[in-house]
Amino acid sequence: MLKKLVLAVLLALPTVSFAQTVKIGYIDSNEILSLMPEQASAIKQLESMQKKFEDELANLNEQYVQEFKRYQAEADTLSETIRVRREQSLQSIEEKAAEFKQNAFETLNKKQNELMAPIIKKINEAIEAVGKENSFTYILDLSSGSILFKGNGSVDVTPLVKAKLNLQ
(Lines give C-alpha, C1' and ligand atoms only; values in the text may rest on other atoms or scores of the structure.)
Protein backbone atom coordinates (compact mmCIF):
# COMPACT_ATOMS: atom_id res chain seq x y z
CA MET A 1 0.00 0.00 0.00
CA LEU A 2 2.78 2.40 0.93
CA LYS A 3 4.63 1.52 -2.27
CA LYS A 4 1.55 2.35 -4.35
CA LEU A 5 1.13 5.70 -2.56
CA VAL A 6 4.80 6.64 -3.13
CA LEU A 7 4.54 5.53 -6.76
CA ALA A 8 1.39 7.62 -7.25
CA VAL A 9 3.08 10.68 -5.73
CA LEU A 10 6.16 10.21 -7.90
CA LEU A 11 4.04 9.86 -11.03
CA ALA A 12 1.95 12.90 -10.15
CA LEU A 13 4.98 15.07 -9.33
CA PRO A 14 6.09 15.70 -12.94
CA THR A 15 2.57 16.67 -13.99
CA VAL A 16 2.36 19.18 -11.15
CA SER A 17 5.63 20.82 -12.19
CA PHE A 18 4.56 20.88 -15.86
CA ALA A 19 1.27 22.47 -14.90
CA GLN A 20 3.10 25.58 -13.70
CA THR A 21 2.92 28.45 -16.14
CA VAL A 22 6.15 29.53 -17.74
CA LYS A 23 6.15 33.27 -18.25
CA ILE A 24 8.73 34.46 -20.75
CA GLY A 25 9.59 38.07 -21.42
CA TYR A 26 12.11 39.67 -23.71
CA ILE A 27 14.11 42.84 -23.65
CA ASP A 28 16.31 44.86 -25.96
CA SER A 29 19.21 45.79 -23.70
CA ASN A 30 20.87 47.87 -26.44
CA GLU A 31 17.82 50.14 -26.52
CA ILE A 32 17.96 50.59 -22.76
CA LEU A 33 21.73 51.08 -22.78
CA SER A 34 21.41 53.80 -25.42
CA LEU A 35 19.02 55.72 -23.14
CA MET A 36 21.22 55.55 -20.05
CA PRO A 37 22.69 58.99 -19.26
CA GLU A 38 25.76 57.28 -17.79
CA GLN A 39 26.52 55.79 -21.19
CA ALA A 40 26.80 59.22 -22.83
CA SER A 41 29.31 60.25 -20.17
CA ALA A 42 31.30 57.05 -20.65
CA ILE A 43 31.36 57.55 -24.42
CA LYS A 44 32.64 61.12 -24.00
CA GLN A 45 35.43 59.91 -21.72
CA LEU A 46 36.39 57.17 -24.17
CA GLU A 47 36.33 59.55 -27.14
CA SER A 48 38.54 62.02 -25.27
CA MET A 49 41.00 59.28 -24.40
CA GLN A 50 40.95 57.98 -27.97
CA LYS A 51 41.62 61.49 -29.33
CA LYS A 52 44.72 61.79 -27.12
CA PHE A 53 45.98 58.44 -28.37
CA GLU A 54 45.31 59.44 -31.98
CA ASP A 55 47.18 62.72 -31.48
CA GLU A 56 50.17 60.92 -30.01
CA LEU A 57 50.14 58.39 -32.85
CA ALA A 58 49.98 61.26 -35.36
CA ASN A 59 53.05 62.76 -33.69
CA LEU A 60 54.90 59.45 -34.03
CA ASN A 61 53.85 59.21 -37.68
CA GLU A 62 54.99 62.78 -38.34
CA GLN A 63 58.31 62.02 -36.67
CA TYR A 64 58.68 58.99 -38.93
CA VAL A 65 57.81 60.97 -42.08
CA GLN A 66 60.32 63.71 -41.22
CA GLU A 67 63.05 61.20 -40.43
CA PHE A 68 62.30 59.26 -43.62
CA LYS A 69 62.39 62.41 -45.80
CA ARG A 70 65.72 63.38 -44.27
CA TYR A 71 67.03 59.88 -44.86
CA GLN A 72 65.90 59.87 -48.49
CA ALA A 73 67.39 63.28 -49.17
CA GLU A 74 70.77 62.30 -47.74
CA ALA A 75 70.84 58.56 -48.53
CA ASP A 76 73.27 58.85 -51.44
CA THR A 77 75.78 60.90 -49.45
CA LEU A 78 75.70 58.97 -46.17
CA SER A 79 78.42 56.64 -45.09
CA GLU A 80 77.44 53.01 -44.53
CA THR A 81 77.54 53.40 -40.74
CA ILE A 82 75.29 56.48 -40.68
CA ARG A 83 72.92 54.98 -43.26
CA VAL A 84 72.50 51.82 -41.14
CA ARG A 85 71.98 53.93 -38.00
CA ARG A 86 69.28 56.00 -39.72
CA GLU A 87 67.55 52.85 -41.00
CA GLN A 88 67.59 51.45 -37.48
CA SER A 89 66.17 54.72 -36.20
CA LEU A 90 63.33 54.51 -38.74
CA GLN A 91 62.66 50.92 -37.78
CA SER A 92 62.65 51.89 -34.11
CA ILE A 93 60.05 54.59 -34.75
CA GLU A 94 57.88 52.06 -36.62
CA GLU A 95 58.14 49.62 -33.72
CA LYS A 96 57.30 52.34 -31.18
CA ALA A 97 54.23 53.29 -33.22
CA ALA A 98 53.07 49.68 -33.47
CA GLU A 99 53.62 49.10 -29.74
CA PHE A 100 51.87 52.34 -28.88
CA LYS A 101 48.91 51.41 -31.08
CA GLN A 102 48.58 48.02 -29.36
CA ASN A 103 48.88 49.52 -25.87
CA ALA A 104 46.36 52.25 -26.71
CA PHE A 105 43.89 49.64 -27.98
CA GLU A 106 44.26 47.57 -24.81
CA THR A 107 43.97 50.65 -22.59
CA LEU A 108 40.81 51.80 -24.38
CA ASN A 109 39.22 48.35 -24.06
CA LYS A 110 40.09 48.19 -20.36
CA LYS A 111 38.67 51.68 -19.78
CA GLN A 112 35.51 50.83 -21.72
CA ASN A 113 34.96 47.73 -19.58
CA GLU A 114 35.64 49.76 -16.44
CA LEU A 115 33.16 52.49 -17.41
CA MET A 116 30.45 50.17 -18.72
CA ALA A 117 30.49 47.61 -15.88
CA PRO A 118 28.45 49.72 -13.41
CA ILE A 119 25.96 50.70 -16.14
CA ILE A 120 25.43 47.09 -17.18
CA LYS A 121 25.14 46.07 -13.53
CA LYS A 122 22.44 48.70 -13.01
CA ILE A 123 20.52 47.46 -16.05
CA ASN A 124 20.83 43.83 -14.95
CA GLU A 125 19.57 44.70 -11.47
CA ALA A 126 16.55 46.46 -13.01
CA ILE A 127 15.86 43.45 -15.25
CA GLU A 128 16.07 41.14 -12.26
CA ALA A 129 13.73 43.36 -10.24
CA VAL A 130 11.19 43.49 -13.09
CA GLY A 131 11.44 39.73 -13.47
CA LYS A 132 10.75 39.13 -9.79
CA GLU A 133 8.01 41.77 -9.51
CA ASN A 134 6.17 40.38 -12.55
CA SER A 135 6.81 36.68 -11.91
CA PHE A 136 8.73 36.00 -15.12
CA THR A 137 10.34 32.61 -15.47
CA TYR A 138 12.77 33.88 -18.11
CA ILE A 139 13.66 37.23 -19.64
CA LEU A 140 15.58 36.90 -22.89
CA ASP A 141 17.69 39.62 -24.50
CA LEU A 142 16.89 40.28 -28.17
CA SER A 143 20.06 42.30 -28.66
CA SER A 144 22.24 39.24 -28.09
CA GLY A 145 20.82 37.75 -31.28
CA SER A 146 20.25 34.32 -29.80
CA ILE A 147 16.45 34.32 -30.04
CA LEU A 148 15.29 32.12 -32.86
CA PHE A 149 11.57 32.52 -32.30
CA LYS A 150 9.38 35.04 -30.52
CA GLY A 151 5.80 33.87 -30.29
CA ASN A 152 2.61 35.69 -29.38
CA GLY A 153 2.83 34.55 -25.77
CA SER A 154 6.05 36.44 -25.07
CA VAL A 155 6.03 39.80 -23.35
CA ASP A 156 8.30 42.77 -24.11
CA VAL A 157 9.54 43.89 -20.71
CA THR A 158 11.73 46.68 -22.11
CA PRO A 159 9.16 49.34 -21.07
CA LEU A 160 9.06 47.92 -17.54
CA VAL A 161 12.85 48.05 -17.22
CA LYS A 162 12.89 51.56 -18.67
CA ALA A 163 10.35 52.60 -16.07
CA LYS A 164 12.41 50.95 -13.32
CA LEU A 165 15.41 53.01 -14.47
CA ASN A 166 13.32 56.18 -14.97
CA LEU A 167 14.13 56.31 -18.69
CA GLN A 168 11.90 57.59 -21.46
Candidate pair K164 and E125, rule salt bridge (Lys or Arg N to Asp or Glu O under 4.0 Å), full reasoning | CA-CA 10 Å; K164 179 66 73 184; E125 288 171 350; over 6 Å; no
Polar side chain donor-acceptor pair, Q91 to E87, under 3.5 angstrom = no
Could you check S41 against Q45 for side chain to side chain contact (heavy atoms under 4.5 Å, CB included), going step by step and ending with a plain yes or no?
-> CA-CA 6 Å; S41 172; Q45 287 183 44; 3.7 Å; yes
Take the angle between the ring planes of F68 and Y71 and call it parallel below 30°, perpendicular above 60°, tilted in between.
-> tilted
Determine, for K111 against E114, whether the closest basic-nitrogen to carboxylate-oxygen distance falls under 4.0 angstrom.
-> yes
Can Q66 and E62 be said to form a side-chain hydrogen bond (donor to acceptor under 3.5 Å, both in side chains), step by step?
-> CA-CA 6 Å; Q66 293 302 321; E62 182 61 31; 2.6 Å; yes
Less than 4.5 Å apart, any side-chain heavy atom of E38 and any of P118?
-> no
So, are K132 and E128 salt-bridged, with charged N and O less than 4.0 Å apart?
-> yes
Taken to the nearest 0.5 Å, the spacing of S144 OG from D28 CG works out to 9.5 Å
For Q112 and L46, work out which heavy atoms get closest and say how close.
-> N-CD2, 3.7 Å
Kindly work out whether a path of hydrophobic side-chain contacts (I/L/V/M/F/W/Y, heavy atoms less than 4.5 Å apart) joins L165 to V157.
-> yes
When rounded to the nearest 0.5 angstrom, what is the spacing between CD1 in I119 and NZ in K121?
-> 13.0 Å
E99 and K96: salt bridge (Lys or Arg N to Asp or Glu O under 4.0 Å), yes or no, with the steps?
-> CA-CA 5 Å; E99 183 181 343; K96 283 180 187 177; over 6 Å; no
Give the cluster check for M116 versus I123: same hydrophobic cluster or not, with ILVMFWY residues linked at side-chain heavy-atom distances below 4.5 Å.
-> yes
Can you measure from OG1 (T158) to CD1 (I32) and round to the nearest 0.5 angstrom?
-> 5.0 Å
Distance from L60 atom CG to F100 atom CZ, nearest 0.5 Å?
-> 6.5 Å
List the atom of I27, the atom of D156, and the distance in Å for their closest heavy-atom pair.
-> CA-OD1, 4.3 Å
Shortest non-hydrogen pair, V161 vs A126, comes out as CG1-CB, 3.9 Å
Using a distance-only test with no angle check, is there a side-chain donor-acceptor pair under 3.5 angstrom linking Q50 and E54?
-> yes
Heavy atoms, side chains only, cut-off 4.5 Å: are N134 and L160 in contact?
-> yes
Candidate pair R86 and E74, rule salt bridge (Lys or Arg N to Asp or Glu O under 4.0 Å), full reasoning | CA-CA 10 Å; R86 294 256 179 99; E74 300 172 353; 2.5 Å; yes
Before giving the answer on side chain to side chain contact (heavy atoms under 4.5 Å, CB included), spell out for L35 and Q168 the whole-Å C-alpha distance, their side-chain angles and the decisive distance to 0.1 Å.
-> CA-CA 8 Å; L35 296 172; Q168 295 289 333; over 6 Å; no
Carboxylate-amine/guanidinium proximity below 4.0 Å for K162 and E31 | yes
Heavy-atom closest pair (L167 atom, P37 atom, distance to 0.1 Å) is CD2-CD, 3.9 Å
Close side-chain approach of L57 and F53, heavy atoms under 4.5 Å = no
Say you draw a straight line from CZ of R70 to OG of S89; how long is it, rounded to the nearest 0.5 Å?
-> 8.0 Å
Could you tell me which residues satisfy side-chain contact (heavy atoms from CB on, under 4.5 Å) with I43, sequence neighbours excluded, listed by chain and number?
-> Q39, E47
List the atom of Y64, the atom of L90, and the distance in Å for their closest heavy-atom pair.
-> CE1-O, 3.5 Å
For D141, does its backbone N or O pair with a side-chain atom of S29 as donor and acceptor, under 3.5 Å?
-> no
OH of Y26 to CG of L142: how many Å apart, nearest 0.5 Å?
-> 6.5 Å
Please answer whether the main-chain N or O of K23 pairs with a side-chain N or O of T137 as donor and acceptor at a distance below 3.5 Å.
-> yes
Is there a donor-acceptor contact under 3.5 Å from the side chain of T107 to the main chain of N103?
-> yes
